[in-house]
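A short worksheet on the structure shown next.
Numbered from 1 within each chain, the chains take letters A, B, ... in sequence-line order.
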Amino acid sequence: MSRKLNLRERYQRMTRDLAWEPSYQSKSDIYPQMEFEGIKIEDWDKWEDPFRLTMDSYWKYQAEKERKLYSIIDAFAQNNGHMNVTDARYVNALKLFLTGVSPLEYAAHRGFAMVGRQFPGAGAQVACQMQSIDELRHVQTQIHTISHYNKYFNGFHDFRHMHDRVWYLSVPKSFFDDAMSAGPFEFITAISFSFEYVLTNLLFMPFMSGAAFNGDMATVTFGFSAQSDESRHMTLGLEVIKFMAEQHPDNIPIIQKWIDKWFWRGYRLLTLVGMMMDYMLPKKVMSWREAWEIYFEQNGGALFEDMARYGLRMPKYWEQTIEGKDHITHQAWGIFYNYTHAAAFHTWMPDNEEMDWLSAKYPDSFDQYYRPRFEHWREQAEAGNRFYNPTLPMLCQTCQIPMGFTEPGDPTTIGFRASDFEGNRYHFCSDGCKDIFDNEPQKFCQAWMPVHQIYQGNCGGATVPDVLDWYHLNFGVDNFDYAQSPDRQHWQQWKGEAAEESDAPDEAA
Amino acid sequence: MAVKAITPDYKGEALDGVDNFHGNIMFHVNWEKHLMFCAPLAFAMPPDAPFSTLLEETLPTAYGYHPDWKKVDWSKVEWTLDHEPFDPKPDASLEENGIVHRSLLRFTVPGAEGIADSGS
Ligand SMILES: [Fe+2]
Ligand SMILES: [Fe+2]
């Protein structure tokens with residue numbers, strides 16, 4: 001080529017022109033997963049490449065980003081950046097994020113590699129390939145952050161092992177396993193559209209602003225570096241939906257069902273993020289309720305108005321999330337407060353100022369339903385009688401969260417749903433979770449439910465220390481209330497703060 | 001409804017059938033209006049255990065922390081079993097009382113509405 005190519009030509013040569021029509025193997029043998037989900041694609045060439053980014057420029061941009069990122073991470077380590085966080089309580093939000101979400105970045109890397117291999121269109125293949133590499137980059141940068149914090153705080157030491165075993169990490173794990181074991185079209189609808197396009201702002205915006213507000217520059221750095229890939233991922237999510245919708249009208253009911261399912265699964269998963277925002281950040285950014293109003297009710301509402309031209313509507317049960325925004329984070333924090341003796345992070349009760357913030361942000365629910373509970377717990381803890389729930393909880397078969405969510409419209413009554421399937425009964429926290437099971441019982445009857453596995457004798461023993469040992473958690477170090485934690489004790493020593501008499505840890509370092 | 005799968009007639013293997021619980025049944029109990037216990041509880045017990053074990057040992061251990069626990073008078077407690085009204089016979093076994101694997105028991109203690117009557 002003597003002539004210099006313009007951008008469009010270059011893009012064409014470096015993506016679509018790299019594909020070819022097979023001549024000695026049938027397409028259905030090469031792409032065996034294209035039919036079974038029922039999605040009909042008539043012309044893969046109609047795929048609009050949302051980002052005209054070629055592989056060579058992709059490498060160049062990403063390499064530049066990496067260079068900047070690692071120089072900041074190195075500086076953070078050399079300057080003991082962890083000492084600048086607002087309070088060691090903050091690090092518990094990070095523990096939950098880095099053990100819960102970072103393994104999902106790796107799962108996304110695998111998932112996009114898998115679906116990129118399955119789609120016959122070159123445009124879709126390239127987009128998935130790039131995202132697959134992005135996700136690998138995300139998990140690597142986050143492991144560097146884990147590595148740094150692990151030197152100073154407890155609970156980070158074996159995130160990979162924990163991801164497969166710890167009861168609450170089964171919530172994010174099962175979310176992604178569900179997507180990866182679906183077909184390629186469902187996977188990409190679940191992850192690219194429902195999660196990245198509709199809900200990702202609720203994960204990244206509050207979390208990264210939270211990190212910035214609380215002085216955690218390591219997290220801000222990997223967060224912003226990941227976020228610069230995010231616009232490409234979100235555009236892919238929207239393109240996927242438009243492409244499937246325009247290819248065949250028969251696709252619409254299938255897509256709608258996936259949107260219903262993955263919206264509800266994402267909503268349940270994000271409850272953990274909401275809980276971090278409302279309870280785990282010493283300096284708050286915004287409440288979960290406010291975030292939901294902006295990022296779902298307003299932005300999501302406008303999106304689905306736009307999608308009406310394809311015959312797609314708001315996800316089923318979205319109304320319940322409007323009612324639930326006043327309750328779910330308080331209920332989730334209650335769950336972790338109940339079972340923090342079996343967790344790899346610490347919990348605590350809000351102080352007076354934080355209680356007042358919660359009252360102001362949740363005028364219709366906090367004082368009436370949650371403050372009395374929390375004040376009672378706090379009084380008891382101060383009297384040396386901190387509450388730990390001694391019995392394993394009942395779990396929802398779909399989202400795997402303890403059944404702590406209440407009936408819509410009745411915040412003092414637990415919501416119960418159940419289905420019978422092939423001689424067994426299954427329980428759910430909500431209509432959304434029950435519908436998901438009822439649509440695919442052959443799949444969800446196989447869910448690895450942490451509580452059931454403990455009772456079946458598959459988790460190292462019958463006592464909390466036995467199970468924690470099997471989780472690779474250090475009993476008395478990683479678990480229990482923040483007030484008694486070695487983390488807090490260390491923090492006070494580093495900061496030269498005197499431990500308060502009433503709640504000083506009993507043992508010296 | 002059949003799951004959409006690449007293999008025809010795909011069948012999942014249920015992980016939580018009663019046979020996997022080594023002679024126990026797993027069932028659930030919820031104390032209504034006491035959400036300080038964040039979720040209903042899960043118990044695994046032999047089906048021939050007397051219901052009275054639940055009243056005298058299991059539930060006091062599980063719920064005794066709550067200040068309302070002293071208000072519990074079993075003769076006045078209202079029960080449902082799998083959402084039907086239920087009148088347990090304490091001397092009969094769980095099984096004889098109709099409690100099966102994955103049953104749900106809910107009980108209400110009249111006059112006990114939780115911490116500061118907040119349902120906690
Ligand atoms: Fe990512
Ligand atoms: Fe659920």
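Looking at B:Y63, there are no atoms closer than 4.5 Å to chain A (heavy atoms on both sides), in backbone or side chain. At a 4.5 Å heavy-atom cutoff, the contact between A:T406 and chain B is made by side-chain atoms alone. Heavy-atom distances place the side chain of A:H376, and not its backbone, under 4.5 Å from chain B. At a 4.5 Å heavy-atom cutoff, A:E35 makes no contact with chain B through either its backbone or its side chain.
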Assess the residue pair A:Y388 and A:F480 against the criterion (ring-ring contact (aromatic ring centres under 6.0 Å, His included)); give the C-alpha distance rounded to whole Å, side-chain angles, the decisive distance to 0.1 Å, and a yes or no.
CA-CA 9 Å; A:Y388 293 106; A:F480 292 122; 5.3 Å; yes
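Among the residues in residues 20-38 of chain B, those with a non-hydrogen atom closer than 4.5 angstrom to a non-hydrogen atom of chain A are B:N20, B:F21, B:H22, B:M26, B:H28, B:N30, B:E32, B:K33, B:L35, B:M36, B:F37, B:C38.
Ranked by heavy-atom pairs shorter than 4.5 Å toward chain B, the options A:C429, A:P393, A:G423 are led by A:P393. Counting heavy-atom pairs closer than 4.5 Å to chain B, the top-ranked of the candidates A:Q331, A:E37, A:R371, A:E375 is A:E37. Among the candidates A:M449, A:Q380, A:M394, the residue making the largest number of heavy-atom pairs closer than 4.5 Å to chain B is A:M394. Put simply, of A:Q446, A:M403, A:Q368, the one with the most heavy-atom pairs under 4.5 Å next to chain B is A:Q446.
A cation-pi arrangement is not found for B:R106 relative to B:F86, the charged atom failing to lie both closer than 6.0 Å to the ring centre and inside a 45° cone about the ring normal.
When atom types are taken as modelled, the side chain of A:R378 and the backbone of A:P350 share a donor-acceptor pair closer than 3.5 angstrom. With hydrogens and angles disregarded, a donor-acceptor distance shorter than 3.5 Å links the side chain of A:R265 to the backbone of A:T398.
Listed by first and then second residue, the side chain to side chain donor-acceptor pair (under 3.5 Å) pairs involving residues 40-59 of chain B amount to none (not counting sequence neighbours). Applying the salt bridge (Lys or Arg N to Asp or Glu O under 4.0 Å) test to every pair with at least one member in residues 72-88 of chain B, sequence neighbours left out, gives these pairs: A:R425-B:D82, B:D73-B:K76.
If you take CD on A:E407 and OG on A:S430, they are separated by 9.5 Å, rounding to the nearest 0.5 Å.
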Which atom pairs, one a donor and one an acceptor, fall under 3.5 Å between side chains of residues 113-120 of chain B and the rest of the protein, sequence neighbours left out?
unit_1: B:S118; atom_1: OG; unit_2: B:I115; atom_2: O; d: 2.8
unit_1: B:S118; atom_1: OG; unit_2: B:S120; atom_2: N; d: 3.4
unit_1: B:S118; atom_1: OG; unit_2: B:S120; atom_2: OG; d: 2.9
unit_1: B:S120; atom_1: OG; unit_2: A:R373; atom_2: NE; d: 2.8

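Between B:H83 and A:F416, the angle of the ring planes goes over 60°, which puts this pair in the perpendicular group of the 30/60° scheme.
Defined by atom type and a distance below 3.5 Å, a donor-acceptor pair is present between the side-chain atoms of A:Y339 and A:N389.
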